[in-house]
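No experiment lies behind these values; they were computed from the predicted model shown.
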Amino acid sequence: MPKKQLLLIDGNSIVFRAFYAMHTQIDRFTNQDGLHTAAIYGFKLMLDHVLDKFHPDAALVAFDAGKTTFRTKKYADYKAERAKTPEELTEQLPYVRQLVKASGLHSYELKNYEADDIIGTLAKRADQAGYETLIVSGDRDLTQLATETTTVAVTKKGVTQTEHFTPEYMMEKLGVTPTQFIDVKALMGDSSDNYPGVTKIGEKTAISLIQKYGSLDGIYENIDEMKKSKRKENLINEEDIARQCQDLARIRRDAPIEVKLADLTYQGPQQEELVELFEKLDFKSFLAKMNITPQGGQKAAADIKFTELTESNIGELSKLKSRISFFLEMPDANYHVSPFAGFVIGNGDHWWVSRNVDLLTTPVIKDLLENDQIQKDTFNAKAHYVGLHRLGIDLQGIGFDLLLVSYLLNTNDNSNDLGQLAHEHDYYGVQSDEEVYGKGKGRHIPDDDQVFFSHLAAKGRAIEELNAKLSKKLHENEQWALYTDIERPLSLVLANMEIAGVHVDATTLKNMGSKLKERLAELEQAIYDEAGEEFNINSTKQLGTILFEKLQLPVIKKTKTGYSTSVEVLEKLQGKALIIDNILVYRQIAKIQSTYITGLLKVIHSSDQKIHTRYLQTLTQTGRLSSVDPNLQNIPVRLEEGRKIRKAFKPSHQGWKIFSSDYSQVELRVLAHVTGDHALQQDFIDGKDIHESTARRIFNLLPDEQVTPNMRRQAKAVNFGIVYGISDYGLSQNIHVSRKQAHEFIQNYFKEFPGVKEYIENIVKKARQQGYVETITHRRRYLPEINSKNFSRRSFAERTAMNTPIQGSAADIIKIAMIRMADKLRDEGLHAKMLLQIHDELIFEAPEEEIPRLKELVPKVMDSAVKLDVPLKVESKVGDTWYDLKKF
DNA sequence: CCTTTCACG
DNA sequence: ACGTACGTGAAAGGG
């Protein structure tokens with residue numbers, strides 16, 4: 001018989017987590033009456049998430065009964081420093097309890113005890129009764145309750161991502177047992193619960209002491225053997241404190257709980273109660289998931305009226321003279337090759353749908369789509385340009401692009417699913433594709449016309465209805481120009497680049513591939529010989545076993561699943577065993593072979609011998625593009641071996657050349673501009689080698705002193721570090737110097753470039769105040785974690801606060817240049833084609849006779865794209881293949 | 001589906 | 001004491 005399953009939830013800690021996870025958006029989550037709802041919302045998310053995977057027979061949510069407990073009675077200071085719970089949270093607690101009840105779970109609290117103790121006690125009883133128990137908490141302290149049959153899930157990020165603690169996992173991760181963890185806490189203390197632990201002992205020290213002596217008792221039994229040290233003194237002097245802390249840290253497992261496990265049967269969701277509660281709370285998305293139309297909300301998708309378009313009624317479309325919405329359904333993400341499933345066209349109360357895309361080529365529709373005087377609103381204009389181009393239609397006159405506008409408003413919720421995105425904007429008149437089409441293997445376009453067509457019609461209407469609201473937001477954010485002057489025209493430029501494609505010579509790749517295959521076979525044999533056995537070299541797990549167990553090489557670094565075998569690690573092992581060099585070379589060649597030879601061969605279109613990538617315009621958090629299917633933005637260049645791949649990238653016509661122009665140090669120039677730093681600006685205005693002049697400044701060289709290559713290299717790394725949001729540790733790792741040394745470099749840098757230092761301080765402050773940062777074109781990135789209490793999340797947000805305006809403004813600049821460049825090529829009647837964008841570089845193919853003109857034109861367009869306080873510099877190259885590019 | 005590794009700017 | 005450089009995508013292995 002399968003074991004009964006028990007779910008125990010630490011109510012208070014989850015509510016706290018949920019509240020603080022969404023704290024930066026505290027005012028977005030309120031109902032009509034101004035009641036804050038973020039914590040309730042988060043709690044519900046957590047419940048759904050847990051119940052999706054774990055199907056309990058019994059379930060209970062434990063709450064704290066009040067401020068005073070047996071712990072506070074014993075130790076007046078316990079939790080004494082804790083800030084008062086804000087009103088915005090306490091007002092939500094009654095509703096969380098209602099939610100728990102309506103969801104069919106029991107709740108329980110006990111005077112003088114904390115929720116932890118209730119959970120500890122019930123978990124123990126459940127273990128004895130043969131249950132399998134899952135505890136969910138936001139508090140790591142509960143991991144002490146893990147046993148063979150009790151798993152503790154602790155929230156990691158937000159409230160839905162959890163880390164599952166079993167005794168084995170704890171041993172692996174922390175190196176102690178759940179019971180020992182209590183003693184670790186006793187030594188290290190807990191600042192949030194306000195008990196101190198032993199002076200100068202933190203987590204690392206505590207763990208190693210407990211590992212050595214087994215327990216707190218073990219330490220004190222053997223304290224005399226410990227060699228004389230400050231630590232030993234502290235341990236002896238503070239034994240009483242340590243014992244007290246142990247008592248505080250230990251969760252009770254014998255609390256006087258009256259309820260029995262048998263009383264805790266999980267009832268399942270109580271539909272009516274939930275609906276009533278969600279309506280009160282304004283939880284439209286949860287109601288929509290339950291297929292309930294929110295009161296006063298949008299009509300359900302099924303109500304929408306539509307007409308199936310046929311050859312006989314197609315004339316009706318001539319009615320469409322004003323703004324219309326259009327959506328072409330392409331089920332595969334890759335719209336270069338996706339089949340066409342159907343389309344919707346219309347406005348207001350008139351929506352026409354069909355599965356027959358050939359109808360689009362009939363003049364009445366084709367003219368509509370190609371007429372730039374009739375505005376078409378859609379979702380993902382770029383996909384539509386490409387898709388319609390395949391049908392021989394030249395789409396013009398795009399007005400509102402729901403996907404693109406949503407991305408500009410908030411890069412954080414950037415789904416490619418129209419329905420999901422509509423829900424983000426509180427519009428529930430359309431379902432998500434996942435709901436209608438299914439997901440994974442089961443995803444398919446429904447056979448039922450009613451189902452499919454009403455979904456299409458709902459999409460058309462969703463686009464139409466969201467236009468006004470989102471356009472207004474663009475204006476409020478000062479992003480209208482960013483949309484109409486940059487992103488929207490860029491979508492057409494990108495579509496044309498994708499359609500143009502780049503010619504890749506399969507024969508060149510195949511020849512390289514067969515040579516690499518031989519080399520791989522040799523390397524493989526050599527590695528097997530040195531290892532003394534055959535194994536899968538591509539498996540990091542097997543490789544780790546060979547290197548660190550069989551060959552006993554020193555372990556440099558561990559990953560969360562085992563030994564790290566990354567390049568940095570292998571390089572440190574070089575010279576210790578012959579096998580290492582061979583593995584490094586094998587890795588390099590295997591990467592080229594799999595990703596760039598076989599990978600690229602797979603995506604050359606047989607019809608034209610070209611590769612047609614897709615640029616994702618609405619993905620990155622900074623405004624950069626990304627490239628997929630395949631990624632043409634990471635073709636090897638740094639190492640000669642890989643660089644040869646570029647020999648296969650050729651012009652698509654005889655007598656044509658590849659031409660490329662790239663911005664030189666664009667990010668540092670943007671840095672000089674946005675920080676206003678005088679010294680940095682002057683160096684660029686004077687046309688200095690920026691890494692050299694940085695070296696000169698931070699190493700305090702006299703005018704007659706030489707900058708050594710090593711100084712320049714280090715200064716270069718500092719410059720990069722500044723752009724990335726520097727930390728002494730990160731820099732020290734990068735250039736292999738001590739952390740102290742790295743710290744000095746950074747201090748010197750800030751002394752020499754005070755404007756940069758001031759900028760960093762200001763941008764972080766600004767991000768904290770307004771919740772987002774901006775680029776020179778008002779592109780936004782929200783940083784909800786900038787106020788996080790978690791050090792590492794907050795630090796990350798601070799680094800991105802300073803990096804995003806730099807990286808993002810550089811992205812803005814090249815986007816503007818691309819639009820102007822496309823216009824110029826057309827206006828001048830040039831045959832040259834823009835093919836690729838690689839963040840700071842544009843690649844073209846052109847007839848040889850146009851090369852002199854491009855050499856003038858492209859740099860001019862690129863360096864005048866925006867006016868900064870420092871000049872932009874552009875360098876151009878030309879060649880017969882991408883590999884052969886040479887400056888000229 | 002997630003993790004690790006490695007390719008690019 | 002914390003735990004790290006910023007932004008991406010693809011392949012491979014292993015659950």
Side-chain angles (χ1 to χ4, degrees), chain A residues 188-189 191 197 200-206 411 439-440 536-544 557-570 583-584 587-588 590-600 602-603 613-616 619-639 641-643 645-646 662-663 665-667 717-718 720-735 739 742 746 781 789-808 810-811 814 836-841:
Chain A
M188 67 186 267
S191 59
K200 289 279 179 195
I201 295 188
E203 185 173 354
K204 290 282 148 71
T205 316
T411 52
K439 65 170 173 180
N536 187 343
I537 309 168
N538 290 319
S539 160
T540 47
K541 199 176 168 201
Q542 294 181 34
L543 181 61
K557 197 174 129 195
K558 285 198 135 201
T559 66
K560 56 182 151 186
T561 52
Y563 310 108
S564 171
T565 66
S566 63
V567 175
E568 295 101 82
V569 170
L570 295 182
I583 290 166
L584 282 167
R587 279 256 177 94
Q588 200 195 326
K591 173 85 181 176
I592 297 169
Q593 182 79 298
S594 64
T595 306
Y596 298 105
I597 304 277
T598 34
L600 290 181
K602 270 189 274 194
V603 290
T613 185
R614 283 183 298 134
Y615 289 104
L616 303 186
L619 182 135
T620 70
Q621 295 298 307
T622 55
R624 276 191 176 182
L625 300 176
S626 84
S627 158
V628 294
D629 293 339
N631 181 358
L632 292 183
Q633 292 181 318
N634 72 346
I635 302 302
V637 66
R638 291 174 193 168
L639 299 173
E641 204 76 57
R643 190 175 193 146
I645 292 292
R646 297 183 171 218
D662 68 288
Y663 285 112
Q665 274 119 26
V666 62
E667 290 190 346
V718 174
F720 270 103
I722 294 291
V723 170
Y724 291 157
I726 201 149
S727 76
D728 50 15
Y729 180 86
L731 181 64
S732 74
Q733 290 296 299
N734 190 287
I735 55 175
R739 191 168 169 163
I746 294 166
R781 179 176 187 177
K789 281 175 77 178
N790 179 313
F791 174 88
S792 84
R793 287 195 208 156
R794 189 177 62 249
S795 305
F796 181 71
E798 286 168 359
R799 291 196 296 271
T800 42
M802 73 145 307
N803 171 267
T804 298
I806 311 293
Q807 194 183 112
I814 195 165
L836 302 172
Q837 187 254 41
I838 310 174
H839 310 306
D840 60 358
E841 180 182 15

What integer distance in Å separates [X]:[atom1] from [N]:[atom2]?
X	N	atom1	atom2	value
A/Tyr615	C/dG7	OH	P	21 Å
A/Leu625	C/dG9	CG	P	11 Å
A/Gln733	C/dT4	CD	P	11 Å
A/Arg614	C/dA10	CZ	P	9 Å
A/Glu203	C/dC2	CD	P	6 Å
A/Asn790	C/dC2	CG	P	13 Å
A/Gln837	C/dT8	CD	C1'	12 Å
A/Asn803	C/dC6	CG	C1'	4 Å

Can you tell me if [X] touches the phosphate of [N], counting only side-chain N or O atoms and a distance under 4.0 Å to OP1 or OP2?
X	N	answer
A/Gln621	C/dC6	no
A/Lys204	C/dC2	yes
A/Arg793	C/dC2	no

Touch class at under 4.0 angstrom, heavy-atom based, for [X] against every strand present:
X	answer
A/Gly599	sugar-phosphate
A/Val628	sugar-phosphate
A/Arg643	nothing
A/Ala717	base

Side chain A/Arg799 and base C/dG3 donor-acceptor under 3.5 Å: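 Per atom types, no contact qualifies.
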
Check: A/Ser626 side chain, C/dT8 base, donor-acceptor under 3.5 Å: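 It does not, because no donor-acceptor pair links the side chain of A/Ser626 to the base of C/dT8 below 3.5 Å.
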
Given [options], identify the nucleotide with an atom nearest to the side chain of [X].
X	options	result
A/Ser792	C/dG13, C/dG15, C/dG3	C/dG3
A/Thr620	C/dA12, C/dT8, C/dC6	C/dT8
A/Phe796	C/dT4, C/dG7, C/dC2	C/dG7
A/Leu619	C/dG7, C/dG9, C/dA10	C/dG9

Pi stacking test for A/Tyr729 and C/dT4: under 5.5 Å apart, planes under 30°: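 By the stated criterion, A/Tyr729 and C/dT4 stack.
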
Partners passing salt bridge (Lys or Arg N to Asp or Glu O under 4.0 Å) against A/Arg739 (at least two apart in sequence or in another chain):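 Counting only residues at least two positions away or on another chain, A/Arg739 forms a salt bridge (Lys or Arg N to Asp or Glu O under 4.0 Å) with A/Asp728.
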
Between [X] and [Y], what is the shortest heavy-atom contact and its length?
X	Y	answer
A/Thr613	A/Pro630	OG1-O, 2.7 Å
A/Ile814	A/Glu841	CD1-N, 3.5 Å
A/Asn734	A/Ala717	OD1-CB, 4.1 Å
A/Asn634	A/Tyr596	O-OH, 2.6 Å

A/Asp629 and A/Val603, any side-chain heavy atoms less than 4.5 Å apart: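 They are not in side-chain contact.
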
DNA chain C: 5'-proximal contact among A/Phe791 and A/Thr804 (nearest heavy atom):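 It is A/Phe791 whose nearest nucleotide is closer to the 5' end.
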
Closest-nucleotide 5' rank along DNA chain C - winner of A/Ser795 and A/Leu616: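 Counting from the 5' end, the first nearest nucleotide belongs to A/Ser795.
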
Inter-nucleotide C1' distance (C/dC2, B/dC6), Å rounded: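 29 Å, rounded to whole Å.
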
P gap between B/dT5 and C/dA5, integer Å: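 13 Å, rounded to whole Å.
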
Nucleotide-resolved protein contact map, nucleotides 4-9 of chain B, B/S/- at heavy-atom distance under 4.0 Å: SSBBBB

Paired nucleotide for B/dT5 [Watson-Crick or G-U wobble; both distances under 3.5 Å]: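 Across any shown strand, B/dT5 pairs with C/dA10.
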
Opposite nucleotide pairing with C/dC2, Watson-Crick or G-U, both atom distances under 3.5 Å: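 Paired with no nucleotide.
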
Check: A/Ser564 main-chain N/O paired with A/Thr540 side-chain donor or acceptor under 3.5 Å: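 It does not hold such a pair.
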
Between OH on residue A/Tyr615 and CG on residue A/Leu625, distance to nearest 0.5 Å: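 The OH atom of A/Tyr615 sits 7.5 Å away from the CG atom of A/Leu625.
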
Gap between atom NZ of A/Lys591 and atom CD1 of A/Ile597 - 0.5 Å precision: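 It comes to 13.0 Å.
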
